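Working notes, structure below.
Counting starts at 1 for both ligands and their atoms, in listed order. Keep in mind it's a predicted model, so treat the numbers as computed, not measured.
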Amino acid sequence: MSRGILVVGSLNMDMSVHMETMPAVGETVLGDGLGYQMGGKGANQACACGRLGGEVKILGCVGRDEFGSRQIESLEAAGVDASGLRQSPGLPTGTAVIYVDGNGDNSIVVIPGANRECGEQYLRERDELFQWCGIVVLQMEIPMEAVLYAARRGRELGKTVILNPAPAPDRLPDELLGLVDYLTPNETELAKLSGIAAMGQADLKRAARRLIEKGVKKVLVTLGEQGALLVDGETERLYPARQVESVDTTAAGDCFNGALATALAEGMAEDEAIRFANLAASLAVTRKGAQSSLPDREEVERLSGDNRERSA
Ligand code: ATP
Ligand code: RIB
């Protein structure tokens, strides 16, 4: 299998506002600070792959503006090949407003801007990247037609397709579910997509199995501080997270997905790849921001070494 990872997805400029408690509707609260960081689920996942040593290219759209240029610089600094990105002549780079509370939990509003121009035709014109890669990584902040096309093309070419269904729409087309090797929802996304409000482990497994019945090969549910649950139709296995003090969970899921893709592309066994993804994501939650929080390979290797020593 090619070691190449192709991420097709969104790129945003994040504006993060930190406060102790989220404002309720109609309420005003005082915040602790405002930060501008590079974000967007596609860009974050590509950046995670690059920092962790993956061979990664990204397809997506930014505006012809300062945010777009800064995004390209940030990706290139992380080792991501961003030469296939489209710069929209008419729409601005996507933006996201992120509220982060004292527990590190967040609420996000995305204004897609140029991400809307990541369409099927644009992807068709860059088919060499689909042929080059071994893994296609997708999320849901670009038009559905693009997600569907990328998954279809990936499957046609025999590539592994990872779909992080975030943000989750009310439903995913059955055709799309049938094209996915790894679906990686968090609990909220799983509940929405399956129609089963997951409360405990039994509900989570039932919800994941419902998506497997619709054609997904494996569902890997991210469970925040509890780690991740793999359900593949035959087995179910929980991979506990490393215990850390969470400061800001923004991009934890992105880090998990990027790390998973990187590990699988390198040929790591699935078990090992999920543990690697948990470790990488546990580092991301200890730091503020999206791309600014993503770890490099050395940091994760150091943790893996510590873990091996403890279990020896
Ligand atoms: P976000 O949308 O905030 O980026 P998410 O909801 O997509 O995140 P989560 O399930 O919260 O994703 O987290 C993804 C992964 O990050 C988890 O599977 C786990 O590996 C790691 N993680 C998240 N929160 C914690 C935590 N508090 N402690 C340790 N690891 C964590
Ligand atoms: O997953 C985190 C990301 O979601 C942020 O960077 C924000 O841009 C939104 O896309």
Counting N and O atoms only, with roles assigned by atom type, does the side chain of R126 sit under 3.5 Å from a partner on the main chain of G84, one being a donor and the other an acceptor?
yes
Under 4.0 Å to a heavy atom of N186 - the qualifying atoms of ligand 1, by number
5 (P), 6 (O), 7 (O)
Show me which atoms of ligand 2 lie under 4.0 Å from any heavy atom of D14.
5 (C), 6 (O), 7 (C), 8 (O)
Has ligand 2 got any nitrogen or oxygen that is less than 3.5 angstrom from a nitrogen or oxygen of S10?
no
A251 near ligand 1 by a heavy-atom separation under 4.0 Å:
yes
Note the single closest protein heavy atom to atom 12 (O) of ligand 1, along with its residue, its atom name and the distance in Å.
T222 OG1, 3.5 Å
Do the charged groups of R124 and E120 touch, with an N to O distance under 4.0 Å?
yes
Note, R237 side chain near D271 side chain (heavy atom, < 4.5 Å):
yes
Which atoms of ligand 2 have any heavy atom of G39 under 4.0 Å away?
6 (O), 8 (O)
Numbered atoms and elements of ligand 2 in range of A290, under 4.0 angstrom, heavy atoms
6 (O)
Can you name the atoms of ligand 1, numbered from 1 with element, that are less than 4.0 Å from a heavy atom of N106?
3 (O)
Regarding E270 and Y182, is there a side-chain donor-to-acceptor distance under 3.5 Å anywhere?
yes
Would you mind checking if E266 and R297 are paired as a salt bridge, meaning a charged N to carboxylate O distance below 4.0 Å?
yes
For atom 27 (N) of ligand 1, grab the closest protein heavy atom and report residue, atom and distance to one decimal in Å.
E225 CB, 3.4 Å
Kindly indicate whether the side chain of V219, heavy atoms from C-beta on, has any atom under 4.5 Å from the side chain of V221.
yes
Does the N or O separation between A252 and ligand 1 drop below 3.5 Å for any pair?
yes
For atom 2 (O) of ligand 1, decide whether some protein heavy-atom distance is shorter than 4.0 Å.
no
Side chains of M13 and M38 in contact at under 4.5 Å (non-hydrogen atoms):
yes
Compute the shortest N/O to N/O distance between A241 and ligand 1 and return yes if it is under 3.5 Å, no if not.
no
Based purely on interatomic distance, does N44 place a nitrogen or oxygen under 3.5 Å from a nitrogen or oxygen of ligand 2?
yes
Can any side-chain N or O of N106 pair as donor or acceptor with the backbone N or O of D248 at less than 3.5 Å?
no
Please write down residue, atom name and distance for the protein heavy atom closest to atom 4 (O) of ligand 2.
K41 NZ, 3.1 Å
Looking only at side-chain N and O atoms, does N257 offer a donor or acceptor that is under 3.5 Å from a partner on T184?
yes
Measuring only between side-chain heavy atoms, which start at C-beta, is C49 closer than 4.5 Å to V80?
no
Please determine whether any non-hydrogen atom of G40 lies less than 4.0 Å from an atom of ligand 2.
yes
Judged by heavy atoms only, the candidate from D254, N257, V109 nearest atom 2 (C) of ligand 2 is D254
For G227, atoms of ligand 1 separated by under 4.0 Å from a heavy atom:
17 (C), 18 (O)
Between K41 and ligand 1, does any nitrogen or oxygen pair lie at a separation below 3.5 Å?
no
Decide whether T93 and D65 meet the rule of one side-chain donor and one side-chain acceptor closer than 3.5 Å.
yes
Under 4.0 Å from a heavy atom of A281: give me the atoms of ligand 1 that qualify, with their elements.
15 (C), 16 (O), 20 (O), 21 (C)
Sub-4.0 Å heavy-atom approach of D254 to ligand 1
no
Side chains of I196 and R210: closer than 4.5 Å at any heavy-atom pair?
yes
Considering the heavy atoms of A96, write down every atom of ligand 2 situated less than 4.0 Å from one of them.
7 (C), 8 (O)
Judged by modelled atom types alone, do Q45 and D254 share a side-chain donor-acceptor pair under 3.5 Å?
yes
If you scan protein heavy atoms around atom 7 (O) of ligand 1, the nearest is G253 CA, 3.6 Å
Could you tell me, atom by atom, which parts of ligand 1 come under 4.0 Å of a heavy atom of T249?
1 (P), 3 (O), 4 (O)
Atom 28 (N) of ligand 1 - nearest protein heavy atom and its distance
V244 CG2, 3.4 Å
Under a 4.5 Å cut-off applied to non-hydrogen side-chain atoms, are L223 and L238 in contact?
yes
Could you find the nearest protein heavy atom to atom 29 (C) of ligand 1 and give me its residue, atom name and distance?
R242 O, 3.2 Å
Given side chains that start at C-beta, do those of L283 and R242 come closer than 4.5 Å, heavy atoms only?
yes
Going through the distances and angles, do C47 and L75 end up as a side chain to side chain contact (heavy atoms under 4.5 Å, CB included)?
CA-CA 6 Å; C47 186; L75 289 168; 4.2 Å; yes
Between N278 and ligand 1, is there a nitrogen or oxygen pair with a distance under 3.5 Å?
yes
Where is the nearest protein heavy atom to atom 22 (N) of ligand 1: which residue, which atom, and how far?
G224 O, 3.5 Å
Is there a side-chain contact between K159 and F130 in this structure, where contact means two heavy atoms from C-beta onward sitting under 4.5 Å apart?
no
Among protein heavy atoms, which lies nearest atom 10 (O) of ligand 2, and at what distance?
E141 OE2, 2.7 Å
Indicate yes or no: does an N/O atom of A228 lie under 3.5 Å from an N/O atom of ligand 1?
no
